[in-house]
Amino acid sequence: SREDVIKAKPDPEIYLKAAKLLKLKPEDCLVIEDSPSGIKAAKSAGMKCIAIATTLKKEQLKQADKIINSFEELSLKEICGI
């Protein structure tokens, strides 16, 4: 959480720390975000990112690898293809 890092998003620290704790390479991680700063943090960490357009318009989330409107749009096949 935000309390576990020094730098807030869009700095990638939170995602890099999570990957390290999970013993994963950043490139093996997928982030689901709903904000431009979160997307920027994920991409800066070297991770793939799916944006969910629940609070912002898709145009504001265009830096993500994929944009969805709801979690119902996700399938394992789609996630693996990102």
Side-chain angles (χ1 to χ4, degrees):
S1 73
R2 170 64 181 104
E3 291 79 31
D4 296 315
V5 294
I6 296 169
K7 299 175 185 174
K9 297 174 194 173
D11 189 276
E13 180 185 6
I14 194 163
Y15 289 125
L16 293 171
K17 184 171 185 173
K20 184 176 180 180
L21 290 171
L22 292 167
K23 298 179 180 161
L24 294 171
K25 297 176 188 174
E27 59 268 21
D28 293 333
C29 297
L30 173 68
V31 174
I32 298 177
E33 260 296 344
D34 66 348
S35 72
S37 64
I39 295 167
K40 184 175 181 181
K43 299 304 290 176
S44 294
M47 300 176 179
K48 296 287 186 179
C49 184
I50 295 175
I52 185 161
T54 53
T55 56
L56 298 175
K57 295 180 181 182
K58 288 183 176 184
E59 298 81 39
Q60 295 171 284
L61 306 170
K62 62 185 175 190
Q63 300 300 332
D65 296 293
K66 181 175 180 74
I67 302 171
I68 59 173
N69 292 308
S70 101
F71 286 109
E72 292 175 353
E73 295 177 34
L74 282 181
S75 68
L76 184 58
K77 183 178 178 181
E78 286 179 312
I79 290 171
C80 291
I82 294 178

Can you measure from OG (S1) to CD1 (I14) and round to the nearest 0.5 angstrom?
6.5 Å
Heavy atoms only: give me the nearest I50-A64 pair and the separation to one decimal.
C-CB, 4.4 Å
Evaluation steps, side chain to side chain contact (heavy atoms under 4.5 Å, CB included), between D11 and V5
CA-CA 10 Å; D11 189 276; V5 294; over 6 Å; no
Take atom CD in E72; do more than 12 heavy atoms of anything else shown fall under 6.0 Å from it?
no
Is the backbone N or O of K7 less than 3.5 Å from a side-chain atom of E13, with the two atoms forming a donor-acceptor pair by type?
yes
Partner of E33 under side chain to side chain contact (heavy atoms under 4.5 Å, CB included), picked from S35, P36, S37, is S35
Between M47 and P26 the two heavy atoms that sit nearest each other are CG-O, 3.2 Å
Are more than 12 heavy atoms from other residues, nucleotides or ligands located less than 6.0 Å from atom CD1 of I6?
no
Are I52 and L30 co-members of a hydrophobic cluster defined by side-chain heavy atoms under 4.5 Å apart?
yes
Do V31 and I79 share a hydrophobic cluster (ILVMFWY, side-chain heavy atoms under 4.5 Å, transitive)?
no
Non-hydrogen atoms of I67 and A53 that approach each other most closely
CG2-CB, 4.3 Å
Where do A45 and Y15 come nearest, in terms of heavy atoms and distance?
CB-CB, 4.1 Å
Where K9 and A41 come nearest, the two heavy atoms and their spacing
CG-CB, 4.0 Å
Do any pairs count as a side-chain hydrogen bond (donor to acceptor under 3.5 Å, both in side chains) and have a residue in residues 40-54, sequence neighbours left out, and if so which ones?
K43-D65
Heavy-atom neighbours of K58 NZ exceed 12 at 6.0 Å:
yes
